[in-house]
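In what follows, every chain begins at residue 1, and chains take the letters A, B, ... in the order their sequences are listed. All heavy atoms count here, side chains included; hydrogens, waters and symmetry mates do not.
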Number of protein chains: 2
Amino acid sequence: MEIPKPIQKQVQKKGGIRAIADLVEDKDIAHQSRVYHALSEPLRLKILNLLSIQPLCVCLIKEIVKTSDSKLSYHLNILKESGLIEGKQQGNWIIYYVTKLGRKYRI
Amino acid sequence: MEIPKPIQKQVQKKGGIRAIADLVEDKDIAHQSRVYHALSEPLRLKILNLLSIQPLCVCLIKEIVKTSDSKLSYHLNILKESGLIEGKQQGNWIIYYVTKLGRKYRI
DNA sequence: CAACTATTTCAACTTATTTTGAAACGCTAA
DNA sequence: TTAGCGTTTCAAAATAAGTTGAAATAGTTG
């Protein structure tokens, strides 16, 4: 395999291909890509942004985004699992709100 | 549909459910979720981070991430389409590098 | 132009994610 | 305890995304 000269030179300056590769940790990549996956669905990203404006019960989220109960529950769960939102039961309702992590990804 | 009292009060204070909904623009959501989708795949996120350390030809990326040509090309294309990286032909090779947008998402 | 190297494209296939609707669960109040 | 409302769960079906390997393209060099 050949390599363009200028790139080869720059790579050597940085300690070679292995040194560069080692700067990117697979564990960090795996963790962060999971967060991005949760954010990659328009409905979920919208919900996250709504909740960053105002904590809401499922019924109000549903009214805003106009979707089915089970679909909404599915997406809320993914946001919750990835640590972007949390829900607390309050009588008959569950109020969802963004976590500290979630606030980082407000558009 | 009933709504928990404290939430209802907070929502009213912010101008009602419609006002809150209108703060989140579907166009922004659609655009941003596309970027997150590109970042949600571990291999892609790894490549983005590698390129943020050092612009590389496809052959060197391939050597680092140990994957097939066509698979790599597929993922590079998704990163490119979402504006996170760009490639410029240089003789026989294509050198990929992160864009300004891409640099924002370095881990 | 022919041979060569690096990279991309394509269609068939596999795998992962999302949607659906019905049923179940949990809390509250009668 | 039963009824009612808000929410979740489940499995089946639908859709989207990723993988594969062979063939094609594009640039370079002799």
Residues from residues 49-58 of chain A lying under 4.0 Å of DNA chain C - heavy atoms:
none
Can you name the closest pair of heavy atoms from A:G15 and A:A19 and give their distance?
O-CB, 3.4 Å
For nucleotides 23-27 of chain C, list the nitrogen or oxygen atoms of the protein found under 3.5 Å from its nitrogen or oxygen atoms, one pair per line.
residue, atom, partner, partner atom, Å
C:dG26, N2, A:N92, OD1, 3.2
C:dC27, O2, A:N92, OD1, 3.3

Please report the distance, rounded to the nearest Å, between CG in B:N77 and C1' in D:dT25.
15 Å
Can you name the nearest heavy-atom pair linking B:K71 to B:T67, along with the distance?
CD-OG1, 3.2 Å
Who passes ring-ring contact (aromatic ring centres under 6.0 Å, His included) against A:Y36, sequence neighbours left out?
B:Y36
Less than 4.0 angstrom between a side-chain N/O of A:Y96 and OP1 or OP2 of D:dG6, yes or no?
no
Counting only heavy atoms and a strict 4.0 angstrom limit, can you tell me which residues of residues 26-46 of chain B come near DNA chain D?
B:H37, B:E41, B:R44
Spell out, yes or no, whether B:L43 and B:I85 are grouped together once hydrophobic residues are joined by side-chain heavy atoms under 4.5 Å, including indirect joins.
yes
Distance from B:I7 atom CD1 to A:I95 atom CD1, nearest 0.5 Å?
4.0 Å
Quick check: are there more than 12 heavy atoms from other residues, nucleotides or ligands sitting under 6.0 Å from NZ of B:K104?
no
What is the distance, to the nearest angstrom, from the CD atom on A:E63 to the C1' atom on D:dG6?
14 Å
Which residue, B:L48, B:N49, B:I47, forms the side-chain contact (heavy atoms from CB on, under 4.5 Å) with A:I29?
B:N49
For atom NZ of A:K62 and atom C1' of D:dT7, their distance in whole Å:
10 Å
Interatomic distance, B:I61 CD1 vs C:dT7 C1' [rounded to whole Å]
11 Å
List in chain and number order the residues that pass salt bridge (charged side-chain N to carboxylate O under 4.0 Å, His left out) with A:D69, two or more places apart in sequence or in another chain; answer none if no residue qualifies.
A:K62
Starting from B:I53, can I reach B:L45 by hopping between I/L/V/M/F/W/Y residues whose side chains sit under 4.5 Å apart?
yes
Name every residue in residues 69-76 of chain A that has at least one heavy atom under 4.0 Å from any atom of DNA chain C, in order of residue number, or write none if there are no such residues.
A:S70, A:K71, A:Y74, A:H75
Exactly one of B:E86, B:Q54, B:K88 should register a side-chain hydrogen bond (donor to acceptor under 3.5 Å, both in side chains) with B:Y97. Which one does?
B:E86
Taking CD from B:E81 and P from C:dT9, how many angstroms apart are they, rounded to a whole number?
9 Å
For A:I95, report the nucleic acid contact type (base, sugar-phosphate, nothing); a contact means any heavy atom under 4.0 Å.
nothing
Using whole Å, report how far CD1 of A:I3 lies from P of C:dT5.
15 Å
Distance (rounded to the nearest 0.5 Å) between B:T99 OG1 and B:Y105 OH:
9.5 Å
Residue B:W93, side-chain atoms from C-beta onward, closest of C:dT8, C:dA6, D:dG6:
C:dA6
Write down the distance between NZ (B:K80) and P (C:dT9), rounded to a whole number of angstrom.
7 Å
Quick one: label A:I78 by what it contacts on the DNA or RNA (base, sugar-phosphate, nothing), any heavy atom closer than 4.0 Å.
sugar-phosphate
A:I107 versus B:D28, closest heavy-atom pair with distance
CD1-O, 3.8 Å
Nearest-angstrom distance from the residue atom CD1 of B:I94 to P of D:dG27
9 Å
Cluster check B:L76, A:I3: I/L/V/M/F/W/Y, side chain < 4.5 angstrom
yes
Point-to-point distance, once rounded to the nearest 0.5 Å, from OG of A:S73 to NZ of A:K80:
7.5 Å
